[in-house]
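Structure first, commentary second.
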Amino acid sequence: MDRWLFAKPAGGWKSKRRFVVGAGLCGARGYLTRPMFWTEEVAERAGAGPHIINDSKTPSGRVHVGALRGVLIHDAIFRTLKERGVEVRYLFGVDDYDPVDEIPKGEDSHFGQHIGKPLCNTPAPCGAEGDMAEFYIREFWQVFDELGVKVERYRMRDIYRAGKFDAEIDMILRNADKVRAVYKEVSGAVRPEHWLPFQVICEQCGCIATTEVSDYDGSTVAYSCLTSRMVNPKLGLGKGCGHEGRISPFGGNGKLPWKLEWVAKWKQFPVTIEGAGKDHSTRGGSRDVSAACYKAIYGADEPLRVPYEFFLVGGAKMSSSKGIGASARDMANLLPPEMLRFLMMRTKPNSPVNFDTHEEGIVKLFNEFDRAHTRYFAKQATPDEAMTYRLACLREPQPYKPANIQLATALVQMPHLDARAEMAKRLGTLTPADEGHLDERLASAREWVANFAAEEEKTRLQETLPARAAELTHVQRAFLHALADSLPEKWEDDAIQSRVFEVARMTPIEQPQAFKALYRVFLDREAGPKAGNLLAFLDRTFVEKRCREMVFDVAEFWQQSASTPEALAKWLEKEKDNIAGETSDIATHGTWVAKDIIYTFKDGKRVRKRLLSGGTALV
RNA sequence: GGGUCGGUAGCUCAAUGGUAGAGCAGCGCCCUUUUAAGGCGUUGGUUGCGAGUUCGAGUCUCGCCCGACCCA
């Protein structure tokens, strides 16, 4: 469908969607326009700038794959603004002053004693160096690098300790009454009169989640570490120590609750664009609270909102106890960076992205990306498609020959095959870009097979004849016997491949049926890699034995393979110029009489045709 | 319980109140010693259900059902 439309005249028709105004007038009906890509809409709403985009992550465990949605949405907006010549920065913060409130899987003994403390004051697990926050954010930063997401990184511990939020902390504490009013009005949460929006780190036990602060005098606050508060009631952990004291709220002695932390960031940096996931973005949610506080305290408008839906990954291993596939790192191992970006770019922020790691989902994603790539370089892409593709690429798009993912996953499962060589053979002459792409694609294929493929999706050589071989027709069984009878002396892929075709013509059997029979008895699948390759690396006697395992009935076989005289005549008419000669012989089986005619083509090929009579009298 | 968003072909999703579309899957045909490849064609819909507004509703309004999320 043509995406170029005539926009209705301004003021005439109502329009929900924004349009890009194209070049000049086009007739009397309106301007030549096209619908905006979602990043362009955001850029348009954002205005001239300069802009500061902000996003952040609390590294309380391995960073979940869903966190990439916001990261990449912000990156796409960042790149679009830059392309438009707008001055823009992209900041990304580590919320490492947040408390430990949950325990990462399997780390109970290590983190149990630290629950309630700031992440950056908690040692890393597994005896690793550094603190918990650094430990978990490190692999997330690595993914940023691989995805080509270039952000200005900051850590909340540095911000607080350097006193960069001191002015905001002071302002917010002085306006605590406004904060309480907003909480009550916007989200219905009632806070006690003495409550102040701040949490200090308890000087006695080091917890930050258990303290309650009151009485700000301009330089210090009073606090108590509540024994009545449990950071994680489910686990029964993180009780306060009962300590009471007075301390300065500045210089890293404590932090703002994160709804106010947002306010401080917006004010200090200052942030002009910050999206948030749907969990924060609903009415009366945390984003509304933060925005209202910002307005109440500073009289300022919140940064541009970009509410976005979730990024959900389902599939084979996701629900397994191993937990592979749930983290950003795991997903980056499976999907090349462009693919992961593509997944996010093509879906508008307000729609959820559901990605399935089952074979079908993987194949579909890769093939769609390859089609986008091909269309882009063939200049057949629509404006939206081109934009999606360009934003998916890490740098200026480079041409290369796409390597089919389905073939790649098949080949890497054949231990006796050189998958790379097989793929390369099919692609033809390779440029360095082709080679790089091919290696990347094979790595994805191997990762999928190793960590994501369900058992039934894997290609496995069948040690014994699979049960479903019973579904083979008698022609297919006869074909396998005939193949066993005439396996080539030279046990090489080309010779075997040729022989398969020849035996198929001489059985006779339709080619697809012949190949399906082979894949069934050896792999228990409908299809597979090139048959010659597959067989060449198996033991010859094993192949011969397997091919003879299914018995067939001659009468059934003949009936399934016979031509009608009409069909034969039609075929002869078509092929007569290519046929050099023919021989025939008669065979009988019970009351059936088969006349087999073998036609020899001018190029040496031989084809058997079978005419059948009799049989009916006895049946 | 209150709120937000969504429900369109088998699947994933488009569609400015103006003829409901695309990709994939499926099906059919063609080609082929590239057999998990290639080419061409094509089926498929009570737009969750029911009312209303309108010349006209997938789109707007109301009610209900289902799902996700937020708040309590």
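So you know, we letter chains A, B, ... as the sequences are listed, proteins then strands, and number each from 1.
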Review point. Is it true that A:Glu359 and A:Arg525 have a side-chain N and a carboxylate O under 4.0 angstrom from each other?
Key: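 Here A:Glu359 pairs with A:Arg525 in a salt bridge, since their nearest N and O are under 4.0 Å apart.
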Exercise for review: Report the stems of RNA chain B as range-with-range entries sorted by first number; a stem here is at least three consecutive pairs, Watson-Crick or G-U wobble, both distances under 3.5 Å, and write none if there are none.
Suggested key: B:1-7 with B:65-71, B:10-13 with B:21-24, B:26-30 with B:38-42, B:48-52 with B:60-64
Between [M] and [N] - [atom1] atom distance, rounded Å:
{"N": "B:A22", "M": "B:A9", "atom1": "P", "value": "14 Å"}
{"N": "B:C55", "M": "B:U43", "atom1": "C1'", "value": "34 Å"}
{"N": "B:C24", "M": "B:C62", "atom1": "P", "value": "39 Å"}
{"N": "B:A72", "M": "B:U54", "atom1": "P", "value": "43 Å"}
{"N": "B:C60", "M": "B:U47", "atom1": "C1'", "value": "16 Å"}

Starting at atom [atom1] of [X], determine the distance to atom [atom2] of [N], rounded to an integer number of angstrom.
{"X": "A:Met344", "N": "B:C13", "atom1": "CE", "atom2": "P", "value": "14 Å"}
{"X": "A:Asn354", "N": "B:G23", "atom1": "CG", "atom2": "P", "value": "22 Å"}
{"X": "A:Trp38", "N": "B:C13", "atom1": "CH2", "atom2": "P", "value": "16 Å"}
{"X": "A:Glu41", "N": "B:U16", "atom1": "CD", "atom2": "P", "value": "11 Å"}
{"X": "A:Glu360", "N": "B:G23", "atom1": "CD", "atom2": "P", "value": "17 Å"}
{"X": "A:Asp288", "N": "B:C69", "atom1": "CG", "atom2": "P", "value": "19 Å"}
{"X": "A:Tyr183", "N": "B:A72", "atom1": "OH", "atom2": "P", "value": "11 Å"}
{"X": "A:Glu309", "N": "B:C70", "atom1": "CD", "atom2": "P", "value": "11 Å"}

Review point. Can you find a side-chain donor-acceptor pair between A:Trp266 and A:Glu302 that sits under 3.5 Å?
Key: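 Side-chain D/A pair, A:Trp266 to A:Glu302: absent.
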Check your understanding: Is the distance between the ring centroids of A:Trp448 and A:Phe366 less than 6.0 Å?
Key ->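 Distance test on ring centres: not under 6.0 Å, no.
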Point to revise | Positive for side chain to side chain contact (heavy atoms under 4.5 Å, CB included) with A:Leu480, one of A:Val503, A:Thr507, A:Val521, A:Ile509 | key: A:Val521
Review point. Which residues in residues 477-498 of chain A have at least one heavy atom lying under 4.0 Å from any atom of RNA chain B?
Key: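 Heavy-atom cutoff 4.0 Å gives A:Gln497, A:Ser498.
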So, is [X] close to the [N] phosphate, meaning a side-chain N or O under 4.0 Å from OP1 or OP2?
{"X": "A:Lys348", "N": "B:A15", "result": "yes"}
{"X": "A:Arg371", "N": "B:C24", "result": "yes"}
{"X": "A:Ser351", "N": "B:A14", "result": "yes"}

Practice item. Name the closest nucleotide to the A:Lys364 side chain, picking from B:A15, B:U33, B:U12. Key: B:U12
Review point. Taking for each residue the nucleotide of RNA chain B bearing the nearest heavy atom, is the 5' side occupied by A:Thr347 or by A:Gln413?
Key: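 Taking each residue's closest nucleotide, the earlier one in sequence belongs to A:Thr347.
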**Study point:** RNA chain B: 5'-proximal contact among A:Gly285 and A:Glu368 (nearest heavy atom)
**Key:**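 The 5'-side residue here is A:Glu368.
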Any sub-3.5 Å donor-acceptor pair from [X]'s side-chain atoms to [Y]'s backbone N or O?
{"X": "A:Thr282", "Y": "A:Gly285", "answer": "no"}
{"X": "A:Gln497", "Y": "A:Gly532", "answer": "yes"}
{"X": "A:His437", "Y": "A:Ala403", "answer": "yes"}

Exercise for review: Kindly compute the distance separating CG (A:Asp494) from CZ (A:Arg499), expressed to the nearest 0.5 Å.
Suggested key: 13.0 Å
Validation row: [X], [Y] side chains within 4.5 angstrom (heavy atoms):
{"X": "A:Pro197", "Y": "A:Tyr183", "result": "no"}
{"X": "A:Leu256", "Y": "A:Trp262", "result": "no"}
{"X": "A:His373", "Y": "A:Glu338", "result": "no"}
{"X": "A:Asp370", "Y": "A:Ile405", "result": "no"}

Restricting to nitrogen or oxygen on both sides, can you table the protein-nucleotides 1-4 of chain B pairs closer than 3.5 Å?
none

Revision key, fill the gap. By ring-ring contact (aromatic ring centres under 6.0 Å, His included), A:Phe501 pairs with (sequence neighbours left out) A:Phe515
Which part of the nucleic acid does [X] contact within heavy-atom distance under 4.0 Å: base, sugar-phosphate only, or nothing?
{"X": "A:Thr409", "value": "nothing"}
{"X": "A:Lys516", "value": "nothing"}
{"X": "A:Pro352", "value": "sugar-phosphate"}

Point to revise | Cation-pi geometry met for A:Arg346 and A:Phe369 (6.0 Å, 45°) | key: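 Not satisfied by the 6.0 Å and 45° rule.
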Revision key, fill the gap. In 5'-to-3' order, the base (B), backbone-only (S) or no-contact (-) status of each nucleotide in nucleotides 39-44 of chain B, using a 4.0 angstrom heavy-atom cut-off, is ------
Exercise for review: List for me each residue that meets side chain to side chain donor-acceptor pair (under 3.5 Å) alongside A:Asn578, sequence neighbours excluded, and say none if there are none.
Suggested key: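 With sequence neighbours excluded, A:Asn578 shows a side chain to side chain donor-acceptor pair (under 3.5 Å) to A:Glu575, given in chain and number order.
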